[in-house]
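Ligands are counted one by one from 1 in listed order, and the atoms in each one are counted from 1 as well. The figures that follow rest on heavy atoms only: side chains count, while hydrogens, waters and symmetry mates do not.
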Amino acid sequence: MKRIYMDYAATTPMQPEVAQAMQPYFSQRFGNPSSVHSMGQEAKDAVDEARIKVAALIACKPEEVTFTGGGTEADNQAVKGVCLANKDRGNHIITSPVEHHAVLNTCSYMKELGFDVTVVPVDEYGMVDPDSIRKSITAKTLLVSVMHANNEVGSIQPIEEIGRISRQAGIYFHVDAVQTAGHLPIDVDKLGIDLLSVSAHKLYGPKGVGMLYVRDGTRIAPLLHGGEQENGRRAGTENVPGIVGFGKAAEIALADMKEEAPRLTKYRDRLIDSIMKRMSDVYLNGHRTSRLPNNANFSFDFIEGESILMYLDAEGICASTGSACSSASSEPSHVLMALGIPVERARGSVRFSLGKWTSAEDIDKVVEALPRIVEKLRAMSPLVKERCGWINYL
Ligand SMILES: Cc1ncc(COP(=O)(O)O)c(C=O)c1O
């Protein structure tokens, strides 16, 4: 059975060119970038070259890039690093309830350490109102952290406006761009961003590598103490193959972005429009237009998203109920809860995230399978029987 992968927001397959670029750094070119001999310098050159390529992705200077062990580490470093290095100036963080747990749980930890955290509300689409950020700023505010686009419902935040507000107030602005870097154009100067997180495995690079952009002059403490790697910002011998792969993936993503984003937007809209038209008691989660080109997230009344996933999987379609990181949890998604979606409806949600190898045929297959599966599940659902009466529904 041909499998249709529609979970690119969880992770992406590595491009063959990326694996190829990494290969020599596992074996022949295994040097440590800190070694002064030629083999060390060869590895250092490769890391420097990758740094230039990932910097181009967000229009920053290569020296402003710190390689990390992924998006989670970048988010942790941004929040903890800014708070700890600036605690003489204040103790207040502003964030949103739809952030990834890498930000939310880090903010909770900072609360345990005595920092204050304001979580501004979002509207029914998951959008932050920049004015609520403005109103939450106090003399003690150190950091605003708002993601570029949400990993579950795809809504794209008004980053430029939040950046302007933060800059005017003299507050650091961190953006988790894990779902957008390599997919949408990002210019950190234009958007007024001081810190930005990226993860390689969301843009067809390897897992376990990412980066934190830190604007020149930002006061930030390291998470890891040890050697002087990454300008003292991230101690430990560099993951050279991973960094080389990240660089290659960034280079390809930048070259492909102009064509890939409109192609995926077309497929996304075809999927959303077909499902909304063909089915009843279905809701689109997230903003209809200010939305990631590859994200479609639906809620279906009367049934569980998990059951839909199992039936889809049996037909070779790989989707998700939301964030891959919380899929082991039985709690409804914190993102859908923040949007004010009723618990039962939140439990009936499925996210389809498209990518490089998604074809028109794949979309057609989902549009054919999903209504059939939902109908079958609803026919078995005690909720349907309760609400509509068994006979009525049939
Ligand atoms: C928005 C967002 N932030 C952070 C992360 C964590 O990135 P990583 O898997 O590289 O730790 C993810 C991963 O799903 C994400 O979607």
Side-chain angles (χ1 to χ4, degrees), residues 5-14 18 54 57-58 65-81 95-109 122 126-128 145-157 159 174-184 186 193 195-213 223-224 234 239 242-243 245-246 249-250 253 285-287 291-297 318-329 333-336 338-339 351-355:
Y5 185 74
M6 289 218 182
D7 201 13
Y8 284 83
T11 195
T12 58
M14 220 162 65
V18 171
V54 301
L57 212 51
I58 59 167
V65 168
T66 300
F67 286 115
T68 66
T72 299
E73 185 186 319
D75 284 345
N76 268 262
Q77 171 148 25
V79 176
K80 292 176 187 165
T95 190
S96 93
V98 296
E99 299 303 305
H100 191 272
H101 281 127
V103 167
L104 284 180
N105 289 347
T106 305
C107 286
S108 300
Y109 178 64
V122 290
M127 307 286 278
V128 171
S145 181
V146 175
M147 70 203 317
H148 193 182
N150 185 263
N151 46 304
E152 293 190 32
V153 297
S155 300
I156 299 173
Q157 301 291 356
I159 291 300
H174 167 243
V175 173
D176 176 335
V178 166
Q179 291 292 336
T180 52
H183 303 285
L184 297 176
I186 296 176
I193 297 169
L195 303 115
L196 180 136
S197 308
V198 182
S199 178
H201 76 100
K202 309 287 187 177
L203 51 104
Y204 309 99
K207 292 173 180 60
V209 59
M211 67 113 146
L212 179 66
Y213 155 74
L223 283 186
L224 303 180
R234 210 266 186 178
N239 169 8
I243 290 170
F246 186 12
N285 298 317
H287 200 277
R291 179 179 202 102
L292 282 171
N294 73 334
N295 173 292
N297 184 317
C318 304
S320 155
T321 49
S323 164
C325 314
S326 39
S327 57
S329 154
S333 141
H334 72 282
V335 172
L336 299 181
L339 270 61
R351 175 188 72 184
F352 297 92
S353 46
L354 324 178

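- By the criterion of a heavy-atom distance under 4.0 Å, neither the backbone nor the side chain of Lys207 is placed next to ligand 1.
- Below 4.0 Å from some heavy atom of His201 lie the following atoms of ligand 1, by number and element: 8 (P), 9 (O), 10 (O).
- With hydrogens and angles disregarded, a donor-acceptor distance shorter than 3.5 Å links the side chain of Lys202 to the backbone of Ala9.
- Near Met147, meaning under 4.0 Å from one of its heavy atoms, ligand 1 places the atoms 1 (C).
- Remark: ligand 1 and Val178 share no N or O pair separated by less than 3.5 Å (distance only, no angle test).
- Screening Asn295, Thr321, Asp7, Asn297 for a side-chain hydrogen bond (donor to acceptor under 3.5 Å, both in side chains) involving Arg351 leaves a single residue, Asp7.
- Both the backbone and the side chain of Thr72 come within 4.0 Å of ligand 1, counting heavy atoms alone.
- No donor-acceptor contact under 3.5 angstrom links the side chains of Ser197 and Asp176, judged on distance only.
- Of all non-hydrogen atoms in Ala102 and Asn76, the two that sit nearest each other are O-ND2, 3.8 Å.
- Of all the heavy atoms of Asp75, the ones lying under 4.0 Å from any atom of ligand 1 belong exclusively to the side chain.
- At a heavy-atom distance under 4.0 Å, no atom of Glu73 approaches ligand 1.
- Tested against Val98, the residues His334, Met127, Gln157 include a single side-chain contact (heavy atoms from CB on, under 4.5 Å) partner, Gln157.
- Here the CG-CZ distance, from Asn239 to Phe246, works out to 11.0 Å after rounding to the nearest 0.5 Å.
- Less than 4.0 angstrom separates some heavy atom of Ser199 from each of these atoms of ligand 1: 8 (P), 10 (O).
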Go through Ser155 and Asn150 one step at a time and tell me if the side-chain hydrogen bond (donor to acceptor under 3.5 Å, both in side chains) criterion holds. CA-CA 5 Å; Ser155 300; Asn150 185 263; over 6 Å; no
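- Of all atoms in ligand 1, numbered sequentially from 1 with element shown, those under 4.0 Å from a heavy atom of Gly70 are 10 (O).
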